[in-house]
Protein chains: 2
Amino acid sequence: MAKKLDSQGRLDDAARAGWLYYVAGRTQDEIAVAMGISRQSAQRLVSLAVAERLIKVRLDHPIAVCMEYASELKKKFNLRHVDIVPSDPDSTSSTIGIAEAGAAEIERWLRRSDPIVLAIGTGRTLKAAVDQLPAIECLQHRVVSLTGNIGPDGSAAYYNVIFSMADVIKARHFPMPLPVLVSSAEERELLHAQALVRSTLDISAQADVTFVGIGEMGVEAPLCLDGFLERDEMLALMKRGAAGEICGWIFDGGGKLMPDDVNERVASAPLPSRDASSVIGIAKGRRKFEAIRAAVIGRQINGLITDEAVAEFLLKD
Amino acid sequence: MAKKLDSQGRLDDAARAGWLYYVAGRTQDEIAVAMGISRQSAQRLVSLAVAERLIKVRLDHPIAVCMEYASELKKKFNLRHVDIVPSDPDSTSSTIGIAEAGAAEIERWLRRSDPIVLAIGTGRTLKAAVDQLPAIECLQHRVVSLTGNIGPDGSAAYYNVIFSMADVIKARHFPMPLPVLVSSAEERELLHAQALVRSTLDISAQADVTFVGIGEMGVEAPLCLDGFLERDEMLALMKRGAAGEICGWIFDGGGKLMPDDVNERVASAPLPSRDASSVIGIAKGRRKFEAIRAAVIGRQINGLITDEAVAEFLLKD
DNA sequence: TTTGCTCATGGGCAATTACTCACATCTTGC
DNA sequence: GCAAGATGTGAGTAATTGCCCATGAGCAAA
């Protein structure tokens, strides 16, 4: 070979080796023979070609952009887990796609053989996700609800999902026999002191992974639709800067829990630690843009399952 | 994951795995953990992504000697466009490398926002190139076939590429509902007079760019293999000095169309103007040396995508 | 319902590739 | 012309990947 190898010549060789390796599909051994160098040198040239970005790999599939977004979001917001599903602009469903993706992620956790504690919030999206779960026996795990299962009128809250979940997987489950909102901070303390509630709260604090929906603010928001909040309470909250809620915990545009009397009355368990465990939000849709951004910024969650449209919104500034 | 896995979902997974492997640079083990599958399954998905051509690799570096050859060829034969890819002396494939390069050049044309007419010939090499194309919507362009799509036995000619092309790009396309060779000059006139054929011929004459394969002469040549010409017809042609063919048009060593009865029966559209448009040949391989030289000398083409070995041959005298 | 077929799965193993270390060679600055 | 640092090389070894096989699930025909 040439005695003097300037960096141009070396890059040429790297390009040639990279071409033989990736395009022609030869092994590094064959390349070494063809180029008259040692196997190791061939390997170095190939990795140089990669390092110098001479080799461009492109994935020609609609999923590609989702993966891209996921990786950027993970970096930008320091998230543990991000899953982006393709958007269907023609669909008005607020769950299509993410329900399946959410179920897949829940299932991944449930398939673990070591026992875990899985905490779960409430909401339509989460319910849709749980409905997608296959039947698996998970005797080793425990599933705990972060939110009360009693509706404002005393009936069972429809969108409390822990029972649906318990139906399909055979794990021990710990519902929270409370309303979502109580009348005062004092009442909450009283209720939380009950042995049964106490133990559920304790278990929830040990959660290894948590799945929650993310609610937006507005008179059409779930909190209002389901009768937990009156229309004017909601309007007042919005005036004070509320951006969204998770399990009833209301946060502002920066994702900080608001020092508000409504939050004083939330009977849900606190969200498990975002430092020590995974807390994964599942949500999409135009109306939730701000709520999702706030939740991510304020680290109410450290994982996100959403769609392309939300990803674009979160990445755009 | 244990849900019903339709092939769509499986391709999605393959794309994910492929992305994680090639773009994100994760190992198959990491991918397996991330996707909740076994390492072997991850490996299968990755290779499926490759097999399904979801992964496109290209080399983005001007290898000095290739660039040099290209510029010399351009000058020597007054060509509009020359692309030289490295040779792999041990490979017997007649398409490797130039298929990717051809696809890249086709893509460059397709990416133009102003509407163009792209004419396309036939052949294995061209088919391999089109298979490398990514899916792009090109509603503004028109794609027209220069050759008939009916094989000698009346079936669809396999190596007619316009349909493969129309699959991946969503442009209007104009196939040529004719055999490649007809029985006589009179029959050709008759068929060409049909309205449908007429309009395709008219469009092809307006082509802004044309991509064609270059066929060699010989009993192993495509024209024979695919049954368009009998063995002894071919031998007679060679005796009369035939050097190669493009879209069935047979030319001699000087690249001039032969005044031969076979050429009288070729039903293909004439090659678009080499003065007013780009007509790019894609071919390589020892057996095509003479055919390529003739095509370039006789200006059947004014652009060439080939490999180092051919470039050296063309430059050596 | 049974039988046969296809195909995905996971384990195991061999081939291939990546990394580390010690040494040789080349370039640079004086 | 020489020392010092940078850079390339080969060997050995660990990690990663590719492939074959037996198995079992899903599905269609009998």
Side-chain angles (χ1 to χ4, degrees), chain A residues 1-55 57 59 63 100 103-104 107-108 110-114 132-138 168-169, chain B residues 1-55 57 59 61 64 88 90-91 96:
Chain A
M1 281 253 82
K3 304 197 167 169
K4 199 170 176 178
L5 289 177
D6 52 24
S7 63
Q8 178 58 48
R10 190 166 171 79
L11 274 186
D12 265 18
D13 284 347
R16 187 172 292 269
W19 186 89
L20 287 166
Y21 188 70
Y22 286 105
V23 182
R26 325 223 56 115
T27 71
Q28 296 179 353
D29 250 319
E30 295 172 309
I31 296 168
V33 172
M35 297 181 65
I37 54 179
S38 73
R39 191 181 324 117
Q40 292 86 338
S41 297
Q43 194 274 325
R44 281 189 191 94
L45 288 177
V46 171
S47 60
L48 179 64
V50 174
E52 294 291 329
R53 304 189 181 283
L54 303 181
I55 301 291
V57 181
L59 197 151
I63 293 292
E100 290 80 0
E107 192 184 339
R108 269 193 280 277
L110 291 176
R111 294 246 176 242
R112 296 173 59 148
S113 53
D114 53 319
Q132 295 288 327
L133 279 179
I136 13 175
E137 291 224 339
C138 308
V168 285
I169 69 168
Chain B
M1 288 282 108
K3 292 238 111 181
K4 253 186 231 171
L5 288 180
D6 50 27
S7 59
Q8 177 58 50
R10 192 165 169 78
L11 270 188
D12 277 7
D13 283 347
R16 277 204 152 72
W19 191 91
L20 289 167
Y21 188 70
Y22 287 105
V23 184
R26 320 283 294 277
T27 70
Q28 296 179 354
D29 255 315
E30 294 173 312
I31 296 168
V33 172
M35 297 182 66
I37 54 180
S38 72
R39 209 267 303 160
Q40 292 85 339
S41 297
Q43 196 273 328
R44 279 189 192 95
L45 288 176
V46 171
S47 58
L48 179 64
V50 175
E52 294 292 328
R53 301 179 188 285
L54 268 43
I55 300 289
V57 185
L59 179 76
H61 178 76
D88 177 2
D90 298 331
S91 166
I96 204 154

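Keep in mind it's a predicted model, so treat the numbers as computed, not measured. Numbers restart at 1 for each chain; the letters A, B, ... are given by sequence-line order, proteins then strands.
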Engineer: Distances under 3.5 Å between protein N/O atoms and the N/O atoms of nucleotides 10-13 of chain D, please, pair by pair.
Structural biologist:
unit_1	atom_1	unit_2	atom_2	d
dG10(D)	OP2	S38(A)	OG	2.4
dG10(D)	OP2	S41(A)	OG	3.2
dG10(D)	N7	R44(A)	NH2	3.3
dG10(D)	O6	R44(A)	NH2	2.7
dA11(D)	N7	Q40(A)	NE2	2.9

Engineer: Hey, can you pull the residues of residues 25-33 of chain A with a non-hydrogen atom under 4.0 angstrom from DNA chain C?
Structural biologist: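 Close to the strand are T27(A), Q28(A).
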
Engineer: Please, which pairs that meet salt bridge (charged side-chain N to carboxylate O under 4.0 Å, His left out) have at least one residue in residues 15-24 of chain B, sequence neighbours excluded?
Structural biologist: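 Output for this query lists D83(A)-R16(B).
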
Engineer: What residues form a side chain to side chain contact (heavy atoms under 4.5 Å, CB included) with V23(A), not counting sequence neighbours?
Structural biologist: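 Testing V23(A) for side chain to side chain contact (heavy atoms under 4.5 Å, CB included), a comparison that skips the adjacent residues, returns W19(A), E100(B).
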
Engineer: For the pair V57(A) and Y22(A), evaluate side-chain contact (heavy atoms from CB on, under 4.5 Å) and give the outcome as yes or no after the intermediate values.
Structural biologist: CA-CA 10 Å; V57(A) 181; Y22(A) 286 105; 5.9 Å; no

Engineer: Quick one: closest heavy-atom pair of L45(B) and M35(B), and the distance?
Structural biologist: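 Between these two residues, the closest heavy atoms are CD1-CE, 4.1 Å.
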
Engineer: R26(A): which residues meet the salt bridge (Lys or Arg N to Asp or Glu O under 4.0 Å) condition with it, sequence neighbours left out?
Structural biologist: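 R26(A) satisfies salt bridge (Lys or Arg N to Asp or Glu O under 4.0 Å) with E30(A), D88(B) only.
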
Engineer: Whole angstroms only, please: what is the CE-P distance between M35(B) and dA8(C)?
Structural biologist: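 In whole Å, dA8(C) P and M35(B) CE are 14 Å from each other.
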
Engineer: Can you run down the salt bridge (charged side-chain N to carboxylate O under 4.0 Å, His left out) pairs that involve residues 44-54 of chain B, sequence neighbours left out, and say none if there aren't any?
Structural biologist: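 For residues 44-54 of chain B: none.
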
Engineer: Calculate the interatomic distance between L45(A) atom CG and dT17(C) atom C1'; express it in whole Å.
Structural biologist: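 Taking atom C1' of dT17(C) as the reference, CG of L45(A) is at 14 Å.
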
Engineer: Output all residues satisfying salt bridge (Lys or Arg N to Asp or Glu O under 4.0 Å) with D29(B), sequence neighbours left out; order by chain, then residue number.
Structural biologist: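 For D29(B), no residue satisfies salt bridge (Lys or Arg N to Asp or Glu O under 4.0 Å) once neighbours in sequence are set aside.
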
Engineer: Are Y21(B) and dT17(D) close enough that a side-chain N or O sits under 4.0 Å from OP1 or OP2?
Structural biologist: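 Answer yes for this pair, as a side-chain N or O of Y21(B) is under 4.0 Å from OP1 or OP2.
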
Engineer: Find the bend of the helix from dT1(C)-dA30(D) to dC30(C)-dG1(D) as the angle between its two terminal axes (five pairs each), to the nearest 10°.
Structural biologist: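 The angle, to the nearest 10 degrees, is 50°.
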
Engineer: For R112(A), what residues pass the side-chain hydrogen bond (donor to acceptor under 3.5 Å, both in side chains) criterion, not counting sequence neighbours?
Structural biologist: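 R112(A): side-chain hydrogen bond (donor to acceptor under 3.5 Å, both in side chains) contacts with D114(A).
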
Engineer: Roughly, in whole Å, what's the span from CD in Q43(B) to C1' in dA15(D)?
Structural biologist: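 Those two atoms, CD and C1', are 15 Å apart.
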
Engineer: Who are the side-chain hydrogen bond (donor to acceptor under 3.5 Å, both in side chains) partners of S47(A), not counting sequence neighbours?
Structural biologist: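 Here no residue qualifies.
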
Engineer: Listed by chain and number, what are the side chain to side chain contact (heavy atoms under 4.5 Å, CB included) partners of A15(A), not counting sequence neighbours?
Structural biologist: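 With sequence neighbours excluded, A15(A) shows a side chain to side chain contact (heavy atoms under 4.5 Å, CB included) to L54(A), L59(B), H61(B), I63(B), given in chain and number order.
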
